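Encoded as structure tokens, the structure appears first; notes follow it.
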Amino acid sequence: MEEPVAPVLPKTRIPDSLKHSAAPIFEEEAFLSPGTFSSADEYAANPRFLELQEELRCVLFSSVASFDPSEGTSTVPSEHPEAQAKSRPTLDFTRVSIPKIRLILYLKNWITECAPYLDKFDELRHFGVHIPILAQRSPALFYAILAFSARQTERKACLDKAYDSLELYQESIRLLTPLLQAKDPNVLVTVCILAVMELMSVSPRDWRRHVEGCAALFDSFNVHGLSGGHLSATFWTYARMELCGAIISGGSESTVLPLEKWVPAVPENATPREKELMIRDMFYQDGCASPDMHANWAVYLCAKTCDLSCRHTRYVELGERIEDPRPFAEQWTSLWEELQFWLENRPPAMLPIKTTGIGGGQIFPEILFAHWAAISGNQLYHAACIMMLDMKPPGKMLPLDKAHYSSIWHARRVCGISLTNPHSGNLINAIQPLYIAGRLLSHYSEHVEVAKLFKIVEETTGWGALWRLKDLERAWGYEPGEILAAI
């Protein structure tokens with residue numbers, strides 16, 4: 001198949017509603033990782049890949065700009081995935097030059113390897129079951145699935161010269177425009193999958209470029225974390241990318257999509273505390289939450305912690321006005337109480353089924369969970385607590401006899417959760433929490449164990465993780481590669 005000539009693309013215009021974050025304040029501190037540490041670098045520097053990335057951004061932002069606000073956009077797909085599939089129950093393998101047998105292998109890999117990562121907070125397995133059914137009617141979505149799976153295969157096998165994913169990525173982008181013109185919210189699924197694929201393939205310092213288009217679409221379609229069905233599942237996949245980026249920024253940036261758009265709107269005349277309690281009730285309906293939603297709630301609270309850190313940093317360093325009129329100490333206390341409420345009201349499936357302490361040669365505690373969502377959900381709680389304790393207001397007195405007021409206690413539990421629960425999707429989600437926790441560890445044996453975890457993530461999932469280990473080596477005071485060479 002002859003590759004089309006890439007068009008000359010205009011400069012991407014980002015909607016004003018998503019321009020709420022300025023450039024990083026502490027760029028050197030936020031991004032210690034060089035762009036040449038991961039095996040993804042040659043792929044990420046491919047001129048065609050860069051052209052396609054910019055083409056996708058232009059298509060998304062141009063489409064959002066063309067939406068007529070007076071017409072509105074539907075937030076409900078025209079049909080249920082299974083109903084759509086009945087009229088055309090076939091998959092089109094003919095649009096690319098890749099042999100069909102290889103495409104089928106990529107489809108199998110999606111079901112067995114890729115979808116479980118995206119479905120780790122979703123008992124209904126929308127990405128593993130419902131999205132492939134939906135793809136039977138959407139070639140753009142079908143080729144996005146194949147592109148993601150092909151890239152994961154290439155990364156896992158270290159096939160730097162393999163470009164099946166690039167051809168599939170290109171085809172999915174080419175097929176997107178008609179879906180955007182039809183204003184079908186199912187396009188969010190395609191765009192989100194492509195964004196995760198980009199984030200897997202390139203330097204994490206560019207995280208905003210890969211979520212801005214998704215943010216613009218979620219905003220335009222008014223889809224949020226409680227929209228329901230596969231759109232809600234898609235939103236939380238997007239939200240985990242947002243959280244990853246906010247942590248990487250080191251307090252210099254908040255989420256691209258403002259947090260008030262992650263949930264249904266609350267009355268504008270409510271006080272900040274009243275709004276917080278209304279949002280709590282959305283997650284914790286009728287005095288309980290499902291394990292999936294409880295884990296999503298942890299994502300939201302962790303993102304809110306990053307947002308508080310960013311707003312406080314900008315207030316201290318730049319003198320920017322904080323929209324929340326409450327003193328910082330009051331905001332901190334309120335969010336800390338929200339995190340402890342989350343912990344104390346976990347449903348049974350979110351509780352560990354076995355926990356051991358440390359000592360006797362055991363460096364980190366064993367904390368075993370039966371439910372996939374419990375692994376990352378609890379880990380994000382501990383990561384958020386570490387960030388909260390790091391920005392504790394001056395003069396704030398905390399009890400010394402309770403473990404959850406100790407940053408190192410939380411750090412060791414973050415590491416213990418990953419060591420005890422090897423689910424690949426949760427290992428990927430653990431990269432940033434492990435970095436947050438790892439900075440607090442001081443003993444060589446702890447450093448070696450954390451380094452082993454990063455190596456396991458990179459080798460078993462295809463997801464770049466060793467760049468974060470290099471950041472930790474620098475924080476620990478080692479020479480580059482010194483700890484990696486020791487394992």
Side-chain angles (χ1 to χ4, degrees), residues 9-10 12-21 52-78 81 118 126-127 131 134-135 138-145 147-148 169 172-199 206-246 254-265 299 303:
L9 299 169
T12 303
R13 178 185 177 277
I14 301 175
D16 292 339
S17 62
L18 301 179
K19 292 180 178 178
H20 66 290
S21 293
L52 288 169
Q53 277 186 278
E54 189 61 27
E55 181 178 343
L56 177 58
R57 283 169 57 83
C58 288
V59 166
L60 295 179
F61 286 123
S62 297
S63 298
V64 170
S66 69
F67 288 166
D68 185 350
S70 64
E71 295 180 3
T73 53
S74 172
T75 60
V76 179
S78 56
L118 303 177
H126 280 97
F127 282 93
I131 300 308
L134 187 65
S138 174
L141 175 56
F142 178 53
Y143 282 98
I145 286 173
F148 185 104
Y169 176 60
S172 180
I173 294 172
R174 189 181 71 81
L175 295 164
L176 265 180
T177 301
L179 294 177
L180 289 164
Q181 292 173 343
K183 300 180 182 178
D184 183 347
N186 281 326
V187 75
L188 287 166
V189 185
T190 303
V191 173
C192 187
I193 290 173
L194 292 177
V196 181
M197 177 208 155
E198 289 180 359
L199 199 63
D206 298 325
W207 67 274
R208 290 185 69 88
R209 292 183 59 82
H210 312 299
V211 301
E212 284 171 340
C214 285
L217 282 180
F218 279 114
D219 191 19
S220 296
F221 283 107
N222 193 29
V223 170
H224 48 72
L226 299 172
S227 292
H230 65 279
L231 292 181
S232 184
T234 301
F235 179 88
W236 288 112
T237 295
Y238 157 81
R240 293 193 294 271
M241 287 192 289
E242 278 266 50
L243 176 57
C244 171
S254 185
T255 57
V256 177
L257 187 67
L259 285 172
E260 60 264 24
K261 294 182 181 293
W262 286 35
V263 293
V299 174

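From a predicted model like this one, the values you see are computed outputs, not experimental measurements.
Remark: Ile193 CD1 to Phe127 CZ distance equals 5.5 Å, nearest 0.5 Å. The CG atom of Asp219 lies 6.0 Å from the CG atom of Leu257; values are rounded to the nearest 0.5 Å. How far CD of Glu212 is from CZ of Phe61: 5.0 Å, rounded to the nearest 0.5 Å. Atom CG of Asn222 sits about 7.0 Å away from atom OG of Ser227, to the nearest 0.5 Å. Taking OG1 from Thr234 and CG from Leu188, the interatomic distance works out to 7.0 Å, rounded to the nearest 0.5 Å. Distance check, rounded to the nearest 0.5 Å: CZ of Phe218 to CG of Leu231 gives 8.0 Å.
Applying the ring-ring contact (aromatic ring centres under 6.0 Å, His included) criterion to Phe148, with sequence neighbours excluded, gives Trp110.
The two residues Ala144 and Leu194 have their closest heavy-atom pair at CB-CD2, 3.8 Å. Contact record, Leu118 with Arg240: O-NH2, 3.0 Å, taken as the closest heavy-atom pair. Nearest heavy-atom pair across Tyr238 and Val211 is CE1-O, 3.7 Å. Of all heavy-atom pairs between Leu60 and Gly213, the closest is CD1-CA, 3.7 Å. Closest approach of Arg208 to Ser254, counting heavy atoms only: NH1-O, 3.6 Å. Taking each heavy atom of Leu179 and Leu175 in turn, the nearest pair found is CG-O, 4.2 Å.
Residues Met241 and Cys192 meet the side-chain proximity criterion, which asks for heavy atoms closer than 4.5 Å. Side-chain contact between Tyr143 and Arg174 is absent, with no heavy atoms from C-beta onward closer than 4.5 Å.
A side chain to side chain contact (heavy atoms under 4.5 Å, CB included) with Val187 is found for one member of Leu180, Leu141, Thr177 and no other, namely Leu180.
Using modelled atom types, no side-chain atom of Trp262 and backbone atom of Gly225 make a donor-acceptor pair closer than 3.5 Å.
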| Worked check of side chain to side chain contact (heavy atoms under 4.5 Å, CB included) between Ser220 and Lys183 | CA-CA 10 Å; Ser220 296; Lys183 300 180 182 178; over 6 Å; no
| Derivation of the side chain to side chain contact (heavy atoms under 4.5 Å, CB included) call for Gln53 and Leu56 | CA-CA 5 Å; Gln53 277 186 278; Leu56 177 58; 5.9 Å; no
| task | With side chain to side chain contact (heavy atoms under 4.5 Å, CB included) as the test, would you mind laying out the steps for His230 and Asn186 before giving the verdict? | result | CA-CA 9 Å; His230 65 279; Asn186 281 326; 2.6 Å; yes
